[in-house]
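Every chain is numbered from 1, with letters handed out A, B, ... down the list of sequences.
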Amino acid sequence: MTDAGRGHRWRKFKNAAMLSLAGLAVLAAVVPLFMIFFYTLSRGIGSVNLDFFTQMPKPVGESGGGMANALAGSGILVGLGCLFGLPVGVMAGIYLAEFGQNRFGMVVRFMTDVMSGIPSIVVGVVAYILVVLPMGHFSALAGGVALALLMIPTVTRTTEEMLKLVPDSYREAALALGVQQWKASVRVILPAAMKGITTGLLLAIARAAGETAPLLFTALGNRFWSTDIGQPIASLTVIIFDYAKAPFEDWNRQAWAAAFVLIGLIFVVNLLFRYFTRDKYGRA
Amino acid sequence: MNIGDWLFKNLTRLFAVLVLAIVALMAWEMIRGSGASIGEFGWGFLTSSEWDPVQDLYGALPFIYGTVVSSLIALAIALPLSLGSAIFLSEIAPRWIEGPVAFMVELLAAIPSIVYGLWGMFVLVPWLRASVEPVISKNLGFIPLFRGAPYGFGMLAAGIILAIMILPIITSISRDVLRAIPGTQREAALALGATKWESTRIILASGKSGFLGATLLGLGRAVGETMAVTMVIGNRPEISLSLFDPGYSMASVIANEFAEATTEMYTSALIEIALVLFVVTLVLNAFARFIVWSVTKTSGGSR
């Protein structure tokens, strides 16, 4: 065989080998996803029953019980996070989309991106200094502040991106009718982007619901029913942490159940996001 | 400009300023909170491995070591896999495969850290302990990295979990980088008779700095990751060469000890660790974003 022929064959072989390696890499990347889904499903689903949603945790040693307080707690914490975080994020996002084509806008954009990389545990420490220290004790309020700080960057950028997807012709049409600029923004652009923004917000909320680290020393946790935002409060994620570490099989079992509920929630929200943004954003 | 427009612009601008103010406030509060510890231990805080709450002596070296080593393991595993995935998704896969697979990789990023930790604790760690570590130490035990008892809980477990967790971000940014390279480059290579792989290599070369940015973003995530690491790293403040041995990370020590810190100096030392994490991730992210922005030339998403 000629040298050229051998070289050609070698090149073709290398081509096939490298391309299959890339394929294998994807496979290796996706396998953990299925494993995690499989385990949370198989170990968790058996323990998700009515008790799980309606009962309180049982004292140490007694099996059974549920996580009603943690579910309510997570709801309250995420609610507080939204209360503080969404207005800031959405308004800043509107600014970036409407007036952000300048140096200041670039700085804000850059800082939100950087802020989204700050570890959640660090955000928890900040919330501790800002809220727990002045109050003198752990509280749901502190947890809510921590979650809000975590949500702001995501909410800001999502809002901006969704607003920018609205065609310029909408604005031009409104302005041509003599509408003031702010009215065009609030009454025309914002409603047009509403669907995308809402699902984007849902995504940020789901992510906040899965946060654990910033709650450990802000909301702390609570074995009892509490809806007082001035007091420590239970949450689904912190209870998974506590139950996973505990040497009781029944608690481990319930930790899996809680993880299953959490994963289910996140999966559904992600699917929704993809569904609602599929033609504008998902393929981008 | 009429009053409504003025109000609208400045009201939204106020909130944009607020976002900047929050980052500044975070830095300021942590500098203030760690003042006691900084004053007491100075730079020695970063180089001492004494961590003794009873005597109120604090040095962060074992935690820094744990964070660095577990993150490096994670990068070593995640980097080839992410690059391979990015190449597959953007260069090879037909669209009907690309969409769903990319979605799955994104889902991986959406799984909460605590669920990774749970899975790591009850599935990964027992598996490492029973099947992986004994085999490695039997065959490669002459390398100090793989010596010692197979605990399961330790640096290796933390590194693997971290690798899975940072894979999505490196993959998705690398994909953006690849996508930003003009198609004409591929066509030119192919027209000269290059194979698919040869043309991909040319593309890879021109995306180099973008991949660096993606890697640094991944590193930033790994460094700050808390729950999953805390649940599998073993939480022992020791510096040990073996990857099988338990270690501790900066984020983990804050997670485990902050709520129980009894003295002011203890809290202050933990806040200083948080401050170090904050500065490191801030620098990493700023640098990485800067690179990625200049490569992809779009503002990207806040991924």
Count the heavy atoms of every other residue, nucleotide or ligand shown that sit under 6.0 Å from NE2 of A:His137, and state whether that count exceeds 12.
yes
Could you give me the CA-CA distance, side-chain angles and deciding distance for B:Val23 and A:Val114, then say whether side-chain contact (heavy atoms from CB on, under 4.5 Å) is met?
CA-CA 9 Å; B:Val23 180; A:Val114 170; over 6 Å; no
Minimum heavy-atom separation for A:Pro32 and B:Leu108, please, with both atom names.
C-CD1, 4.5 Å
Flag side-chain contact, heavy atom, 4.5 Å: B:Leu118 against A:Trp256:
yes
Atom NZ of B:Lys196 and atom CG of A:Leu19: how far apart are they, to the nearest 0.5 Å?
8.0 Å
Working to the nearest 0.5 angstrom, can you tell me the gap between A:Ile94 CD1 and B:Phe8 CZ?
5.0 Å
Tell me, yes or no, whether the heavy-atom count around B:Tyr266 atom OH, taken from other residues, nucleotides or ligands under 6.0 Å, exceeds 12.
yes
Residue part contacting chain A, namely of B:Leu83, when any heavy atom lies under 4.5 Å:
neither
Between A:Leu220 and chain B, with a heavy-atom cut-off of 4.5 Å, which part of the residue counts as in contact: side chain, backbone, both or neither?
side chain
Where B:Ser85 and A:Ala29 come nearest, the two heavy atoms and their spacing:
OG-CB, 3.8 Å
How close do A:Arg11 and B:Ala194 get, heavy atom to heavy atom, and via which atoms?
NH2-CA, 3.8 Å
Highest number of heavy-atom pairs under 4.5 Å with chain A: which of B:Ile164, B:Asn256, B:Leu284?
B:Ile164
Please state whether the rings of B:Trp293 and A:Phe110 are parallel, tilted or perpendicular, taking 30° and 60° as the class boundaries.
perpendicular
Among B:Val123, B:Leu270, B:Leu7, B:Ile111, residue most engaged with chain A (heavy-atom pairs, under 4.5 Å):
B:Val123
So, taking the atom named CH2 in B:Trp6 and the one named CD in A:Gln181, what distance separates them when rounded to the nearest 0.5 Å?
15.0 Å
Would you tabulate the side-chain donor-acceptor contacts of residues 274-281 of chain B under 3.5 Å, counting partners in other chains and residues two or more places apart, or write 'none'?
{"residue": "B:Thr281", "atom": "OG1", "partner": "B:Leu277", "partner atom": "O", "Å": "2.7"}
{"residue": "B:Thr281", "atom": "OG1", "partner": "B:Phe278", "partner atom": "O", "Å": "3.1"}

Do the side chains of A:Lys14 and B:Thr195 get nearer than 4.5 Å, heavy atoms only?
no
Let me know if A:Val126 has heavy atoms under 4.5 Å from chain B in its side chain, its backbone, both or neither.
side chain
A:Gly210 and B:Pro112: which non-hydrogen atoms are nearest, and at how many Å?
O-CB, 3.5 Å
Under a 4.5 Å heavy-atom cutoff, which of A:Leu133, A:Thr212, A:Thr218, A:Ile152 has the most pairs with chain B?
A:Thr212
To the closest 0.5 Å, what do you measure between CG (B:Leu107) and CG (A:Leu271)?
7.0 Å
Under 4.5 Å from a heavy atom of chain B, the part of A:Leu96 involved
neither
Pairwise side-chain contact, A:Val123 with B:Met26, heavy-atom cut-off 4.5 Å (strictly under):
yes
If we only count heavy atoms from C-beta on, is the B:Val292 to A:Asp113 side-chain gap below 4.5 Å?
no
Name the option with the most non-hydrogen atom pairs under 4.5 Å to chain A; the candidates are B:Gly4, B:Ala255, B:Gly224, B:Ala259.
B:Gly4
Between B:Ala16 and A:Tyr95, what is the shortest heavy-atom contact and its length?
CB-CD2, 3.7 Å
Heavy-atom distance under 4.5 Å to chain A: side chain of B:Met104, backbone, both or neither?
both
Tell me, for B:Ser82 versus chain A, whether the close heavy atoms (under 4.5 Å) come from the side chain, the backbone, both or neither.
neither
Interchain contact, A:Val108 with chain B, by part (heavy-atom threshold 4.5 Å)
both
Proximal component of A:Tyr128, with respect to chain B [non-hydrogen, under 4.5 Å]:
side chain
With a 4.5 angstrom heavy-atom cut-off, is it the side chain or the backbone of A:Leu21 that approaches chain B, or both, or neither?
neither
Contact origin within A:Thr237 toward chain B - heavy atom pairs under 4.5 Å
both
What residue in A:Ala213, A:Ala127, A:Ala259 has the most heavy-atom pairs under 4.5 Å with chain B?
A:Ala213
Checked A:Gln180, A:Met111, A:Arg43, A:Lys12 vs chain B; the most non-hydrogen pairs under 4.5 Å come from A:Gln180
Is A:Ile263 in contact with chain B via its backbone, its side chain, both, or neither, using a 4.5 Å heavy-atom distance?
side chain
So do B:Thr200 and A:Met18 actually touch side chain to side chain, heavy atoms under 4.5 Å?
no
Set out, in order, the CA-CA distance, both residues' side-chain angles and the distance that settles side-chain contact (heavy atoms from CB on, under 4.5 Å) for A:Phe241 and B:Thr230, then state yes or no.
CA-CA 10 Å; A:Phe241 185 48; B:Thr230 307; 4.1 Å; yes
Can you tell if the side chain of B:Lys9 reaches within under 4.5 Å of the side chain of A:Ser185, non-hydrogen atoms only?
no
Where on A:Phe138 is there a heavy atom nearer than 4.5 Å to chain B: the side chain, the backbone, both, or neither?
side chain
So A:Leu216 and B:Thr226, do their side chains get closer than 4.5 Å, heavy atoms only?
no
Please classify the contact between A:Tyr39 and chain B as side chain, backbone, both or neither, with a heavy-atom cut-off of under 4.5 Å.
side chain
Contact class of A:Ile121 relative to chain B, heavy atoms under 4.5 angstrom:
both
Does a sphere of radius 6.0 Å around CZ in B:Phe103 hold more than 12 heavy atoms from other residues, nucleotides or ligands, not counting ones at 6.0 Å or beyond?
yes
From A:Leu24 atom CG to B:Phe88 atom CZ, the distance as rounded to the nearest 0.5 Å
10.0 Å
Non-hydrogen atoms of chain B under 4.5 Å away: do they reach the side chain of A:Val107, the backbone, both or neither?
both
With chain B, which of A:Leu27, A:Leu130, A:Thr40 has the greatest number of heavy-atom pairs at distances under 4.5 Å?
A:Leu130
Report the C-alpha separation of B:Met30 and A:Val122 in whole Å, then their side-chain angles, then the decisive distance to 0.1 Å, and conclude whether the side-chain contact (heavy atoms from CB on, under 4.5 Å) test is met.
CA-CA 9 Å; B:Met30 276 188 289; A:Val122 171; 3.6 Å; yes
Return the option, out of B:Ile87, B:Leu167, B:Ile254, B:Ile271, with the maximum number of heavy-atom pairs under 4.5 Å with chain A.
B:Ile254
Interface residue of largest heavy-atom contact number with chain A, from B:Ala288, B:Ala251, B:Gly220, B:Ala286, under 4.5 Å
B:Ala286
With a 4.5 Å cut-off on side-chain heavy atoms, are A:Phe104 and B:Leu20 touching?
yes
Selection from B:Trp197, B:Phe290, B:Tyr116 maximising heavy-atom pairs under 4.5 Å formed with chain A
B:Trp197
Please evaluate residues A:Trp182 and B:Thr12 with respect to the criterion side-chain contact (heavy atoms from CB on, under 4.5 Å), reporting the C-alpha separation (whole Å), side-chain torsions for both, the decisive distance (0.1 Å), and the verdict.
CA-CA 11 Å; A:Trp182 72 275; B:Thr12 54; over 6 Å; no
When every non-hydrogen atom of B:Met231 is compared with those of A:Ala244, the smallest separation belongs to CE-CB, 3.7 Å
With a 4.5 angstrom heavy-atom cut-off, could you sort out which part of A:Leu149 is near chain B: side chain, backbone, both or neither?
side chain
Interatomic distance, A:Asn15 atom CG to B:Arg201 atom CZ [nearest 0.5 angstrom]
11.5 Å
